[in-house]
Each structure stands twice: as C-alpha cells, then as structure tokens.
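Structure first, commentary second.
All chains are named by letter (A, B, ...) in the order of the sequence lines, taking the proteins before the strands, and each is independently numbered beginning at 1.
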Amino acid sequence: MFQYIIRRLMESVPTIIGASIVIFLAFSLAPGDVITANYTGGMNLTEERKAELRELYGLNKPLPERYGLWMGHVLQGDFGQSYLYNKPVTDVIKTFVWNSFLLSATVLVLQWMLALVIGVFSAVRQYSLFDSLVTVLVFVAMSLPSFFLGLLLLKLFAVDYRIFPLGGMTSTGVDYQGLQHILDVAYHMALPVLTLTLLSIGGTTRYFRMTMLEVVRQDYIRTARAKGLKERVVIFKHALRNALLPLITLFALELPGLFAGAIITERIFNWPGIGRVTLDGLYQRDYPLMMGFTLIIAFLTILANILADVLYGVADPRVRHR
Amino acid sequence: MRKRWYVLLSLVLVFSLTLVGCGSKPSSSPATENNAQQGDGGTDSTTPESSDQPETGYIKAKQPELVPEAAKKRTDTIVIGMDSPKGVFNPWFYKTAYDGYVVDMIFEGLGKVGKDGLVEPDLATWEMKNDNKTFIFHLDPNAKFSDGTPVTAEDAAFSFYIFLDPSYDGLTDMSIAKIVGADAYKNGNATTIEGIKVLDEHTLQVDVEEVNALTIRYLTVPVLPKHYYGKEFKKGDLSGVKKLNEQPLGSGPYVFEKFVPSQEVRLKANENYWRGNPPKVQNLIVKATNDETKLQMLQTGETDFEEGISVNRDNLDQIDAMGFLDRNMLLNNGYGYIALNHAHEPLNDRLVRQALMYGLNREEVVYAYSQGLAEVIDVPISKVSWAYPDEKDIIHYNYDPEKAKQLLDEAGWKLGNDGYRYKDGKKLTLHFTASSPNPVNDALVPIAKENYKDLGIDFIAEQLDFNAMVQKMEKGDYDMAFLAVSLTPDPDPSQHFHSNGADAKQVFHYSNPEVDKLIEAGIKELDQAKRKEIYQQLFKLLNEDVPYIVMYQRYNMNVISSRLKGFEGEITPFYNFVNALPNVEIVQY
C-alpha cells in the first residue's frame with residue numbers, strides 16, 4: 001500500500017507539470033493583462049508608463065522565460081505578488097481560503113448526512129409518497145439559481161423577519177472572543193450554509209438513492225432477510241455499507257472543492273471567502289493570484305484522486321493496490 | 001393511483017419552475033474597476049414612469065423618525081457601507097476607489113483637490129520662483145502625525161523617493177512632473193533626486209525642468225511619516241514599505257484601528273488631530289457591502305451611509321419608500337462614448353463622423369439604458385467641469401436622420417440599389433466591438449443597427465470580453481466600440497485628443513493640429529482665467545470635430561440615513577464624502 005501511494009505520487013509529477021503549463025498558458029494567452037484591465041481607470045497612464053509597468057512585472061519577456069521564472073519561484077514556495085492586493089499571493093490565499101473552507105466543510109458534512117438519510121429512506125420506500133415528495137423537493141432546490149435562493153432567504157430571514165444578519169461573517173464593530181466568537185460566526189453562517197446545502201443536497205441524495213436501490217436488489221440482501229434479520233440491520237449494516245462503496249470516489253473528489261469557494265453565494269452573503277477574490281482577480285487580470293490559486297486547486301484535485309483510489313482499496317477488499 | 005400522483009407531481013414541478021422563472025432576475029455584472037459602466041444595472045426599458053428630469057442634488061428624507069432601532073443604538077459610531085476595500089491603505093499604492101476612501105480618512109497631502117476641482121493648500125502652502133520652475137512648500141509647523149511626531153519637509157521629500165523608485169508600480173506617474181534629476185534617480189545610479197531639497201524642517205524646495213498647469217497636482221504629494229515607512233526602505237525594493245499597507249499611520253482626522261479583510265475597516269477619531277478639531281463622532285466603521293443587499297443594509301440599520309447605490313428607478317423608489325433616507329445624486333465625473341478608429345476610412349472624415357452623431361438616436365439609447373437617469377452630452381467633458389463650454393456655443397446633435405443623410409451625400413457616400421451607401425465601389429460598413437456584459441451595449445447595439453441601416457450603413461456588431469476588446473482596439477482591429485472614461489479633476493484631455501496622447505495615438509488614431517495647439521496652450525497656461533478661455537475654445541472645437549461619439553453622463557448617488565447631519569452641500573463630483581465626515585454629527589429623533 002505504502003509503495004502504491006509513493007508510485008502514484010511519482011506518477012502525478014508529470015501531470016502537475018502539464019497542468020502548470022496549461023494554467024500558465026491559459027492566463028498568459030488570454031487577451032489583456034493587468035495594464036489593459038486598468039485601461040479606463042484613468043486618463044493618466046501614458047504609453048511609456050505602460051511599457052515601464054510591463055517591464056516591472058516581467059510581462060514583456062518571452063513566454064518560456066516567464067514560465068521558467070514563475071515555476072522557479074513556485075518551487076521555492078513563492079507564488080509572486082498579487083497586483084490587486086499588493087502583497088504575496090500566498091498571504092492573500094491564506095487570508096480568505098479558510099473562511100471558504102469553514103463554509104464548504106460545514107455544508108459538506110450537512111449535505112452528506114442529510115443525503116444519506118433521505119437517500120436511504122427514499123430507496124427503501126421506492127415510489128412511496130415520501131419518495132415522490134423528496135424527489136420533487138430535491139429537484140426544485142437543485143434547479144434554483146443560487147443568487148435567487150440566497151436573496152430569497154435574505155429577504156425572508158434578514159429583512160422581513162430580522163432573525164439572521166444580512167451577511168458578513170462576524171458582527172460589525174465588535175471583537176468577540178472564544179465561545180462567543182464561535183457562536184457569532186455560526187449565527188452568520190446559518191443562511192449561506194442553508195443556501196449551499198439546499199443547492200447541493202439534490203445530487204447527492206440521488207446518488208444515495210441509486211446505489212441503495214441497486215444494492216437492495218442483490219441476492220445477499222434477500223439472504224439476509226431470509227435469515228430473519230431485522231430490517232434495520234439489513235438496511236444499515238448489509239446494504240448501506242455496500243452502497244457506500246461507489247460514493248467514496250464522489251466524496252474524495254468533492255474535497256478540493258472545499259478550498260475553491262462558492263463565488264455567487266459568498267458574494268450575496270458578503271462572506272469573506274476565496275471565491276469572490278478569484279472572481280475579482282480574473283476581471284482585473286491579476287495573473288499571479290489566479291495562476292497560483294488555480295495551481296493549488298489542480299494539485300489538490302490530483303491528491304484527491306489518489307486519495308479516492310487508496311480509500312477505495314481500503315474499503316473494498318476486491319480492489320487491492322500493489 | 002400512482003398515475004394520478006405523477007400528474008399532480010408534474011403539475012407541482014411545472015408550477016415551481018414557473019415561480020423560479022418569474023423570480024429570477026439577471027444578476028448584476030460583477031463590479032470591477034474596469035467596468036466603468038458599472039451600476040445603472042437595469043436596462044428595463046418599460047414605459048416611462050415620468051419623463052421629467054430626475055431630482056438631483058441633496059434630497060432630504062420625508063420621515064426621518066423612521067430610522068431603524070438597530071441604527072439608533074449606535075450613539076458614537078458611524079457605519080459607512082461600500083464595496084470591500086482590498087487592504088491597500090497607502091496613498092502610494094492603492095488601486096481601488098474604496099481603498100482610496102480609507103486612505104483619505106487617514107492621510108493628508110501637501111495639497112488637495114477642492115470642491116471645484118482645483119488644487120488647494122492642505123498640509124502646506126506654496127510659492128513659485130525662478131520663472132515658475134522652483135516650488136517652495138511651507139509645511140504647517142503645527143502639523144503632527146497621529147503618533148505625535150511632527151510632519152516635516154523630510155517626510156514630504158520621502159514621498160518623491162517612493163514615487164520615483166525604479167520598482168514603484170502604483171498609479172501615480174511622477175515622471176510627468178519633470179522634476180530635475182528624476183530620470184537620473186529612476187533609471188540611473190543617482191542616490192538622491194537633485195530637484196528635491198529640504199531647506200529646513202518645514203520647508204521643501206522642488207525644482208522642475210518645465211512647468212505646466214498640471215505640475216502642482218503632481219507635486220502636492222501625500223505626506224507619510226518617514227520614521228515609520230522608511231525603516232526598511234531601500235532604493236529599488238519597496239517590499240518593506242508595502243508590508244505596512246495594512247497598518248497605516250498618517251496625519252489625518254482618523255486613526256486606523258483594525259482591518260478585517262472583506263468585512264470591515266475600523267477607525268477612530270484622531271484625538272490629537274493637529275488642526276484641533278477631532279471628528280465629532282468617535283468611531284467610524286467601513287463595512288463591506290454588495291450591490292445585492294446595499295439597500296437592505298440601510299433598511300435594517302446595519303449601515304448609516306452607502307457610498308454607491310446604482311441610480312435606477314427601482315432603487316430611487318425604494319429609497320423614497322423607506323422614508324428615512326437622504327440621497328445625494330451628482331453627475332459622475334466621466335462619460336460614456338463610442339470610440340472611433342480614425343485610421344479606418346471613412347471615419348477620418350469629419351462629415352461622416354457628424355453624420356454618425358446626428359444619425360444615431362442617442363436619447364433613445366440613453367433612455368433605454370438608464371430609464372432617463374443619465375444625461376445625453378455633446379461635448380467630451382463633464383458638464384460640471386469649469387472647462388465646459390457655454391451651452392449656446394455648442395452644436396447639439398439631436399437625432400436628425402435627414403441631416404445625417406445629407407452629410408453622407410456631401411461626403412461622397414451615395415446610396416446604392418441595395419439600400420447601402422457606396423463610395424469608389426466600397427460599401428459603407430462599420431464594425432462595432434461590444435464588450436459584454438455591459439448594459440449600455442445591450443441598449444445601444446439594436447438601436448444603432450436600425451438607425452444606421454436607415455442611413456444606408458452596414459453596422460456589424462461583435463461581442464467580446466472587456467479585456468479582449470481593449471486588446472483588439474490596441475491592435476487597431478475595430479471601427480467603433482463603446483467605452484466609458486472616468487476623468488481626473490483637471491480637464492486636460494491630452495490622452496484622448498492630443499496626437500501624442502496614449503489613447504489618441506494608439507487606439508483612436510486621432511490627430512488634429514488645431515486641437516493639439518489648444519491642448520498644449522491649455523497645459524502651459526498657469527493663469528486659471530486664461531486657461532478657462534482656452535479650454536472653452538478647445539471643447540467647442542472638439543464638439544464640432546466629433547473625435548468620437550459622446551453619449552451620456554450618468555449619476556452617482558450617496559444614500560444617507562437621516563440620523564447623520566453634515567453632508568448636505570459638502571459633496572461635489574470632485575470632492576467626496578470623506579471630506580465632510582469629521583464634521584458629521586449623529587442626531588436623535
């Protein structure tokens with residue numbers, strides 16, 4: 001197993017190099033740069049100054065050299081300076097990514113727990129009233145655009161009935177400590193978490209339902225029932241554990257998303273996450289920030305893939321890695 | 001039984017989908033600095049509710065007693081809502097307007113821009129000597145930074161060393177000021193700037209190679225404490241200075257307390273403010289808000305003031321309905337225009353350009369885009385600038401297709417059998433490059449297509465991302481494109497209209513010797529009255545020559561809870577609300 005992990009990690013080196021080239025080219029070949037993005041910013045950017053800035057940022061060098069310089073620094077842990085924030089890219093990412101992580105991780109836990117319960121029940125009672133109702137609700141929630149759902153919840157719970165705050169992560173103008181701080185953040189998180197959970201629960205529920213339906217038709221389930229086991233034991237011990245197998249991959253692949261941020265939801269709820277930051281970065285052509293962040297996400301995705309394969313091997317004795 | 005369920009379920013589904021369809025509205029385009037056309041999001045061209053000109057200026061709330069409880073509880077704190085500052089709280093390096101507001105609260109400069117857009121003394125007064133090539137700045141001897149240290153000429157001189165540093169990448173281009181020895185310092189080995197001399201603790205001398213009307217704008221630099229920012233300063237390496245961006249220290253009315261990224265900036269009144277009148281309200285919080293919930297923030301009392309609410313009918317109605325909100329609506333110091341590529345036939349012909357101006361129903365376009373909340377303009381300068389020419393001297397290009405046709409005939413473009421115009425066998429075709437998303441283009445393209453077709457012009461529009469459009473324009477691969485520009489307080493239009501201006505040369509390919517002469521004269525002239533005369537002539541000429549199709553000037557709006565008093569009459573398009581803040585009081589109803 002250990003050898004397998006080492007081998008997979010070695011194999012992913014060329015992948016990450018390839019990814020870095022694609023990321024670099026995608027951003028550098030896209031039309032415009034940070035200087036054109038500031039084109040209408042004012043009337044006082046002369047041609048000489050534009051050239052000077054391009055020289056300063058190294059934007060006038062040939063592409064291979066720029067890539068070499070960038071990669072060289074990245075290998076030393078230096079992702080460069082963000083133009084927009086005027087500080088190192090790693091600092092910008094560090095400032096915002098954990099806020100996004102907190103939000104996404106909470107949503108992930110809720111989403112999977114709820115999806116498990118709902119999915120299993122609707123599979124066990126296929127075509128029942130519960131199943132049909134859940135199916136409809138889940139599809140409705142899935143099909144709502146996030147800005148609509150978010151604004152609707154805000155209007156209901158923050159404007160009409162002022163139960164929850166209108167956005168942000170902490171109360172304005174106060175420094176809570178310890179438990180009070182945790183409660184304050186939880187209070188601010190309620191609506192964005194609700195929004196994101198509602199949006200994401202649909203897909204996962206369908207996966208649970210589908211894999212459960214497949215498993216409950218297997219012979220060994222019939223055998224278990226024939227042995228006279230309680231239905232609860234049959235479903236949760238025999239069926240569910242097998243149904244979970246294909247979902248391991250799905251789960252592992254959702255992990256890099258924890259760090260990617262939810263652009264629209266974060267914006268509507270004024271959540272200080274990385275999603276909004278990257279969107280701004282894209283519009284302002286903040287290359288160092290965008291390239292650094294995308295590279296990190298690419299790296300995490302590759303890791304998650306390896307993790308998915310390893311976990312699958314651990315969980316399913318039929319698949320053994322050597 | 002099961003079947004019936006399906007029917008019911010599908011009905012529910014369909015119903016819920018319709019609901020969703022009705023409820024969803026287009027999310028407004030992400031506000032970025034480059035989208036100068038931001039705001040005014042709605043392009044809802046429904047029937048006009050009132051065709052009257054909107055009520056501008058400071059409009060007071062009708063029911064001030066309705067201020068929400070949440071806001072009333074804050075007796076010593078003002079909460080200002082605005083798009084999130086990025087945390088670059090440094091006058092040398094900030095890039096967004098929002099960081100700029102925070103900078104204005106904390107820092108002062110040798111001079112500042114006054115209500116009318118002209119430079120006024122701030123930390124210093126100045127005199128000019130030696131054929132106006134030497135500026136002597138006398139700093140106020142009482143001036144102190146918030147840490148108690150005096151503001152000295154040494155501190156002011158330090159600013160020039162930052163602006164002229166070889167690695168400086170901020171927005172100010174100090175080389176324009178032509179300070180003696182600037183080039184030797186910036187691009188050479190000199191360790192000092194020859195033209196910057198500290199005469200004594202409170203006197204600074206700056207020598208320039210040549211002087212013009214803009215010089216003083218560049219020389220009135222922000223003054224930051226050198227003992228604080230200069231600790232890790234080395235020529236060619238500003239990283240030590242930039243490290244302090246999030247811990248600013250200046251001489252202004254407010255002191256910085258805390259920055260929570262993307263959430264809030266907390267400031268306190270500077271109790272030791274050297275002018276002796278610290279701000280009347282103790283605490284000031286800048287809270288990050290977004291377009292979607294700005295108004296709701298005011299409504300629930302989470303903010304007391306909102307820096308920018310898009311001016312559209314919906315928002316105005318909502319503000320008036322809430323009753324307790326004052327609003328201050330002012331013309332934006334900038335305008336929207338359709339750039340023309342003069343390198344392409346037939347746009348180098350003035351008659352054709354005038355025809356394009358007369359032949360486009362600009363009123364209709366601007367109405368469709370703004371619901372009547374923007375003004376159509378005919379001159380490429382803000383209506384509120386002192387350089388704006390007399391209304392009766394300028395040509396008003398009201399929609400007149402007959403006149404446009406006549407001008408095109410005159411220019412030699414004759415109508416062919418297929419309904420299009422031809423000259424020397426060439427069809428009159430114009431390629432319009434439209435950035436997207438952009439509400440102006442959504443309104444403009446269909447109307448222009450129809451109007452120009454009517455004139456016999458084949459108008460072809462293409463949609464692109466903003467940056468892609470700019471790149472295309474720089475390559476000269478376009479005929480027409482819509483852009484918006486924000487102007488500096490000074491009306492000098494060199495960049496756009498002088499043959500050597502960056503945009504005129506690289507993008508518009510516009511050159512008119514007469515215009516050049518007036519622009520040069522306007523910059524050279526130091527006497528304000530004479531300068532005004534020159535610009536009146538210049539803009540009259542530009543009005544006639546149509547270097548591009550000017551479209552409209554929109555509004556900016558501050559919205560203010562009526563519990564705050566002191567903004568009325570204190571804000572102009574050149575002079576933002578931050579100037580008024582220290583004198584603002586909280587009143588209880």
Side-chain angles (χ1 to χ4, degrees), chain A residues 30-33 36-50 53 56-57 83-87 95-96 127 129 132 135-136 139-140 143-145 147-148 151-152 154-155 158-159 162 165-170 172-173 175 264 267-268 270 272-273 276-277 279-280 283-285, chain B residues 2 5 9 12-13 16-17 20 23-24 27 30 32-34 36 77 79 86-88 93 95 167 169 171 173 175-176 242 245 260-264 266 283 285 287-290 292-293 296-297 299-300 302 465-468 470-472 474 483-488 493 495-496 502 505-506:
Chain A
D33 57 25
T36 54
N38 282 314
Y39 181 73
T40 54
M43 285 174 93
N44 49 7
L45 205 58
T46 61
E47 237 176 306
E48 294 79 33
R49 183 67 184 153
K50 279 187 198 173
L53 285 172
L56 211 55
Y57 293 143
Y83 303 142
L84 205 52
Y85 290 83
N86 233 294
K87 59 181 185 182
T95 309
F96 295 102
Y127 303 133
L129 176 59
S132 315
T135 307
V136 170
F139 274 108
V140 169
S143 51
L144 288 174
F147 67 88
F148 174 69
L151 288 176
L152 187 74
L154 274 178
K155 177 164 170 29
V159 179
R162 299 183 185 175
L166 251 176
M169 186 170 163
T170 47
T172 306
D175 282 309
I264 298 170
R267 180 179 152 82
I268 287 173
N270 247 323
R276 288 170 67 189
V277 171
L279 188 68
D280 264 5
Y283 275 94
Q284 295 290 307
R285 295 292 191 266
Chain B
R2 191 172 289 163
W5 263 114
L9 284 179
V12 171
L13 247 175
S16 56
L17 285 176
V20 173
S24 54
S27 66
T32 57
E33 291 310 299
N34 66 38
T77 305
V79 181
K86 304 285 179 211
V88 189
F93 300 113
K95 292 215 172 71
S167 72
D169 65 345
L171 290 180
D173 184 3
S175 57
I176 294 173
K242 287 183 182 175
N245 283 353
V260 189
S262 278
Q263 294 284 284
E264 61 187 77
R266 270 180 243 165
N283 301 300
I285 294 174
K287 187 176 165 71
T289 56
N290 58 37
E292 286 82 2
T293 53
Q296 283 71 24
M297 288 274 184
Q299 189 182 2
T300 56
E302 289 195 38
D465 162 74
F466 180 83
N467 285 285
V470 171
Q471 202 181 46
K472 218 173 159 178
E474 284 185 339
L483 282 171
V485 63
S486 38
L487 302 168
T488 52
Q495 294 290 329
H496 274 199
K505 194 168 160 186
Q506 223 188 335

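- Taking B:Asn245 as the reference, A:Asn86, B:Val88, B:Asn90, B:Phe93, B:Lys242 meet the side-chain contact (heavy atoms from CB on, under 4.5 Å) condition, with sequence neighbours excluded.
- Within the 4.5 angstrom heavy-atom criterion, only side-chain atoms of A:Leu56, from C-beta onward, approach chain B.
- One finds the CD atom of A:Gln284 at 11.5 Å from the CG atom of A:Asp33 (value rounded to the nearest 0.5 Å).
- Take B:Ser262 and apply the side-chain hydrogen bond (donor to acceptor under 3.5 Å, both in side chains) test, not counting sequence neighbours, and it matches no residue.
- For A:Leu154, the part lying near chain B is the side chain, with the backbone staying farther off; criterion is any non-hydrogen pair under 4.5 Å.
- When each of A:Met169, A:Lys87, A:Arg276, A:Arg162 is scored by its heavy-atom pairs under 4.5 Å with chain B, the top score falls to A:Arg162.
- Looking at B:Lys505, the atoms closer than 4.5 Å to chain A (heavy atoms on both sides) all sit in the side chain, from C-beta outward.
- At least one side-chain heavy atom of A:Lys50 sits under 4.5 Å from a side-chain heavy atom of B:Gln506.
- Heavy-atom pairs under 4.5 Å with chain A peak, among B:Thr293, B:Val79, B:Asp169, B:Ile285, at B:Asp169.
- For A:Pro272 against A:Phe96, the heavy-atom pair with the smallest separation is O-CD2, 3.3 Å.
- Looking at B:Gln296, the atoms closer than 4.5 Å to chain A (heavy atoms on both sides) sit in the backbone and in the side chain alike.
- For chain B, the nearby parts of A:Thr170 are the backbone and the side chain; heavy atoms of each come within less than 4.5 Å.
- For B:Glu264, the part lying under 4.5 angstrom from a heavy atom of chain A is the side chain only.
- Of the two parts of B:Asp465, only the side chain, counted from C-beta on, holds a non-hydrogen atom closer than 4.5 Å to a non-hydrogen atom of chain A.
- Atom NZ in B:Lys95 sits 9.5 Å away from atom OH in A:Tyr83 (nearest 0.5 Å).
- Between B:Glu302 and B:Lys287, the closest side-chain pair of non-hydrogen atoms falls below 4.5 Å.
- Of the listed residues (A:Gly168, A:Ala158, A:Pro165), the one with the most heavy-atom contacts under 4.5 Å to chain B is A:Gly168.
- Of the listed residues (A:Thr172, A:Leu84, A:Leu53), the greatest number of heavy-atom pairs within a distance under 4.5 Å of chain B belongs to A:Thr172.
- Residues B:Gln495 and B:Thr488 are not in side-chain contact: their nearest non-hydrogen atoms beyond the backbone lie 4.5 Å or more apart.
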